[in-house]
Number of protein chains: 2
Amino acid sequence: MGPEQSHLVPLLKGSKPNVSCFSVFPHVWCHDFVIPVLILFCSCHKLQESLLSSASGYSNYRGILNWCVVMLILSNARLFLENLIKYGILVDPIQVISLFLKDPYSWPALCLIIFSNVFIMAALYTERRLSVGTFGERLGTFLHLINLSTILCLPVATVLFVSSMTPVGAVFALAVYTILFLKLYSYKDVNRWCRDIRQARAASWGLREASTQVSYPGNLTHRDMYYFIFAPTLCYELNFPRSPRIRKRFLLRRLFEMVFLMQLLVGLIQQWMVPTIQNSMKPFQDMDFSRMIERLLKLAVPNHLIWLIFFYWFFHSSMNFVAELMQFGDREFYRDWWNSETVTYFWANWNIPVHKWCLRHFYKPMLKRGVSKRVAQAAVFLVSAFFHEYLVSVPLKMFRLWAFMGMMVQVPLAWFVGQFLRGNYGNAAVWISLIIGQPIAVLMYVHDYYVLHVQGPSAG
Amino acid sequence: MGPEQSHLVPLLKGSKPNVSCFSVFPHVWCHDFVIPVLILFCSCHKLQESLLSSASGYSNYRGILNWCVVMLILSNARLFLENLIKYGILVDPIQVISLFLKDPYSWPALCLIIFSNVFIMAALYTERRLSVGTFGERLGTFLHLINLSTILCLPVATVLFVSSMTPVGAVFALAVYTILFLKLYSYKDVNRWCRDIRQARAASWGLREASTQVSYPGNLTHRDMYYFIFAPTLCYELNFPRSPRIRKRFLLRRLFEMVFLMQLLVGLIQQWMVPTIQNSMKPFQDMDFSRMIERLLKLAVPNHLIWLIFFYWFFHSSMNFVAELMQFGDREFYRDWWNSETVTYFWANWNIPVHKWCLRHFYKPMLKRGVSKRVAQAAVFLVSAFFHEYLVSVPLKMFRLWAFMGMMVQVPLAWFVGQFLRGNYGNAAVWISLIIGQPIAVLMYVHDYYVLHVQGPSAG
């Protein structure tokens, strides 16, 4: 086409062919001729690779993300519809109350929570005595330890011996007591550090007190204590950062989220989780492995969604709501765990209040005592495993160690993922362990509970 | 904390506290004191927003893509397992042969395809006569039109009157004839344009012929004709761009993909598509709407996966394989339709050979004849709808217009998406129309086929 092209190109360039062709080829009717020329010389094919060939160097797959989202929504819409057709509407808000109350005249969980004020006062008055030197450090530590261990033991005893306590009520009460334990432990530590500093400072220099900030022992008031108890943090500080004002729109949005997501959680559990778990009992008793895996994967989707909603409901909506109400300034309740490429990163970033507490009151003190990093890390997982087991076993009155093992398995898993998987593969491994790990533990407990309480009595 | 900090900070900065504290506070045992100082003054809380609050300005959700992928794989793994448990293994490669052959001694589809050479020869010899002027332009156009309409009508007659033709064999034969129709139409057009140029050039200048390139009428050979017939394009050109050599590894990889994906397609259809469709018949007869939608969504997933695999198998593996074998240079068989934000962009980019043909031989000539862009676009969809209907109705011997309507619905859909949806929303709308639209059409045809061939005879 070479020499021909050189003659025709100037003719086609710049000017509208419809006009120019008449002047150059006046004897040819326009649309019969210009199209062929245009088409033949603006060649229809050219030498090029397909986009999906690696040689093309193409890499824009942004649409694939939208595809993933659409596919997920559509397949879950189907599951939702299938569920509705199969079971009808199972959501029943009244039933929720019955989970907390067996006997409407007996509210053991609530009584237990109200009683917790005794321990708060005990901690405060012990600290007051310590601050003025009435109690020595040894006696103070001893009293604190008794107080803290009672906090852990009393609800266990109550749950095991009070028959009108329901499992859900028990979980709630135990969670409150566990949070209280962590808070008062932090309170005790920080006040001791303050005394250490006061002592050291008295020996070296005499310092002026700051006027706007609270300093030891000015913090040992009821007001300060209860602010800390209700604040969304587990680490005590004498002067928490405060936000300048309560943003009303922010508060209302968080409140709306709290109410809406709570309904959604209850609905999803009643409509999706419970029937799936009930259907899983048979394969688990027959030890039918392919069906067990099928049930496990079926349970994984609602379980994971519920966990995600719970995460947002608790760590974003509720905690921000409380913090806004109390003008508590530090809103870092979670970090970007969804991008975590190692299991350790996930555990260090999804629950910042607990992570901060572990770091400040457990991990760093251990390191300072000369414990190696690895052992200290394993110890943190051990304590975390203890509390997971504590919150599950006691309310169910079953000591099965599934939750404990679930947490302890994280140590070798963290090592494996950190060693062999990088970047997106590590991230995917963390997601898989989350999506699959939880329903395994849930099914284990439900299976054992079912065997004990539903099948056991009828068989016996 | 202000004035206290200013005294302590220089002490903590730069030097290891473990060492420095002994020199400043020699009377305090080190690890009891340095930790509290470090912790109290490297404040545990600071004023900050949660990451998910819009005020934080955070936007890294890369992990969410991995989450989508993991969730999709896991939920499809469950569907796969559920399917295997429910139906056992249904894959049967031998069954595929029976789809093509009813009677092993009669191969009507193959005969039909072999017979198509007659039409190729007819087109070539008509062009040869036209090039030397034995036939006038009017006679030539007339002969071509007869040839082309016979290409469309002969297979229809064969399918309708030869009873040993199976639907799958008929689809295959009709597809070959449709491709042949489009190719020979292009052949006729290009050769006419060449004659127009030759005539115009003869009237204005005398030009030298290029030596290395084929020019009219040197292209009217059997070799050139059959190269075009087998080349993976529908637009004829005298000189196709050629790749420099056959890359053997590329060829083998494409061949492997062709064989593997073919097996996968057959397996998925037998194992997943067929049972789902069979289960959908009952709700569709009872007109049970919620179950119809549930079935539709259930069918959407395998149908979409099969379409995606088919796309890759046909437009990437097979076409690249043929092109590599023929050293055909232009490998643009598709563009980035997965990112398309409008329906029009999708239809213009997922099937480039057909799109190029429509543009070159239908849309542009129409524009030149003074038809408005909108009408021309609608006409392209109309022709496309005709061929979709042609390829489905004739083999099934059912004239129901579902495929025709499916294509024609694209015109208002394109208008709607282009008007109201932008960016990712537009892209999601295109994906939804793809994922949902196809199974609707499939179910319509299968339902009608079922009523006619399975239920009809037994009821009658």
Side-chain angles (χ1 to χ4, degrees), chain A residues 1-4 25 28 31 33 35-36 39-40 44-52 62-63 65-68 70-72 74-75 77-78 81-82 85 193 196 200 203 207-208 210 213 235 237 240-241 290 294 297-298 301 316 320 329-333 338-339 360 368 424 427-428 431-432, chain B residues 1-4 25 27-28 31 33 35-36 39-40 44-50 52 62-68 70-72 74-75 78 81-82 85 193 196 200 207-208 210 213 235 237 240-241 290 294 297-298 301 316 320 329-333 336 338-339 360 368 424 427-428 431-432:
Chain A
M1 240 175 272
E4 299 170 349
F25 308 112
V28 185
H31 77 67
F33 177 64
I35 313 160
I39 289 170
L40 279 177
C44 169
H45 298 92
K46 61 175 193 271
L47 200 65
Q48 58 191 329
E49 290 289 340
S50 297
L51 289 187
L52 293 176
R62 198 185 48 71
L65 176 60
N66 295 322
W67 177 79
C68 288
V70 167
M71 284 294 277
L72 274 178
L74 285 182
S75 36
R78 189 190 74 77
L81 200 63
E82 188 192 36
I85 290 169
W193 297 336
D196 286 346
L207 276 178
R208 271 192 316 131
Q213 301 274 27
C235 292
E237 223 179 334
F240 288 111
S290 59
E294 194 267 334
L297 289 175
K298 180 132 195 178
V301 175
H316 190 72
N320 263 305
D330 188 356
R331 307 295 171 82
E332 196 190 43
F333 308 121
W338 45 84
N339 295 335
R360 195 187 190 212
K368 281 290 160 188
N424 286 339
N427 187 230
W431 278 117
I432 290 171
Chain B
M1 239 175 272
E4 300 170 350
F25 309 113
H27 59 285
V28 186
H31 77 67
F33 178 64
I35 313 159
I39 290 169
L40 280 178
C44 169
H45 298 92
K46 61 175 194 272
L47 199 66
Q48 58 190 331
E49 290 288 341
S50 297
L52 293 176
R62 197 185 48 72
I64 303 300
L65 177 60
N66 294 322
W67 177 79
C68 288
V70 167
M71 283 294 278
L72 273 177
L74 285 182
S75 36
R78 189 190 74 76
L81 199 63
E82 188 192 36
I85 289 169
W193 298 334
D196 285 345
L207 277 177
R208 271 193 314 134
Q213 302 274 25
C235 292
E237 224 180 333
F240 288 111
S290 58
E294 193 268 334
L297 290 174
K298 179 132 195 177
V301 175
H316 189 73
N320 262 305
D330 188 356
R331 307 295 171 85
E332 197 190 43
F333 308 121
D336 62 334
W338 45 85
N339 295 336
R360 195 187 191 211
K368 283 288 158 189
N424 286 338
N427 186 229
W431 278 117
I432 290 172

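Note that the structure is a prediction, hence the values are computed from the model and not measured. Chain letters run A, B, ... following the sequence lines, proteins first, then strands; residues in each count from 1. The figures that follow rest on heavy atoms only: side chains count, while hydrogens, waters and symmetry mates do not.
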- Message: If you apply the rule side chain to side chain contact (heavy atoms under 4.5 Å, CB included), what do you find for B:I64 with A:W338, and how did you get there?
- Response: CA-CA 7 Å; B:I64 303 300; A:W338 45 84; 4.2 Å; yes
- Message: Heavy-atom pairs under 4.5 Å with chain A: which of B:C68, B:A428, B:G63 has the most?
- Response: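 Counting heavy-atom pairs under 4.5 Å, the top option is B:G63.
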- Query: If you count heavy-atom pairs under 4.5 Å with chain A, which of B:C235, B:G329, B:S50 comes out on top?
  - Reply: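 Most pairs with chain A among the choices: B:S50.
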- Query: Can you name the residues that form a side-chain contact (heavy atoms from CB on, under 4.5 Å) with B:I85, not counting sequence neighbours?
  - Reply: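 Listed in chain order: A:S290, A:R291, A:E294, B:L81.
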- Item | Pairwise distance CH2(A:W67) to CG(B:N339) - rounded to 0.5 angstrom |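 Here the interatomic distance stands at 14.0 Å.
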- Rounded to the nearest 0.5 Å, how far apart are CD of B:E49 and CG of A:D330?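 The CG atom of A:D330 is 10.5 Å from CD of B:E49, to the nearest 0.5 Å.
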- Partners meeting side-chain hydrogen bond (donor to acceptor under 3.5 Å, both in side chains) with A:S75 (sequence neighbours left out):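 Expected list: none.
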- Task: Sort out for me which of A:L74, A:N427, A:V301, A:N320 touches chain B most, counting heavy-atom pairs under 4.5 Å.
- Result: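 Going by pairs under 4.5 Å, I would pick A:N427.
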- Item | A:N424, part contacting chain B, at a heavy-atom distance under 4.5 Å |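 For A:N424, backbone and side chain are both near chain B.
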- Contact origin within B:K46 toward chain A - heavy atom pairs under 4.5 Å: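 B:K46 touches chain A through backbone heavy atoms alone.
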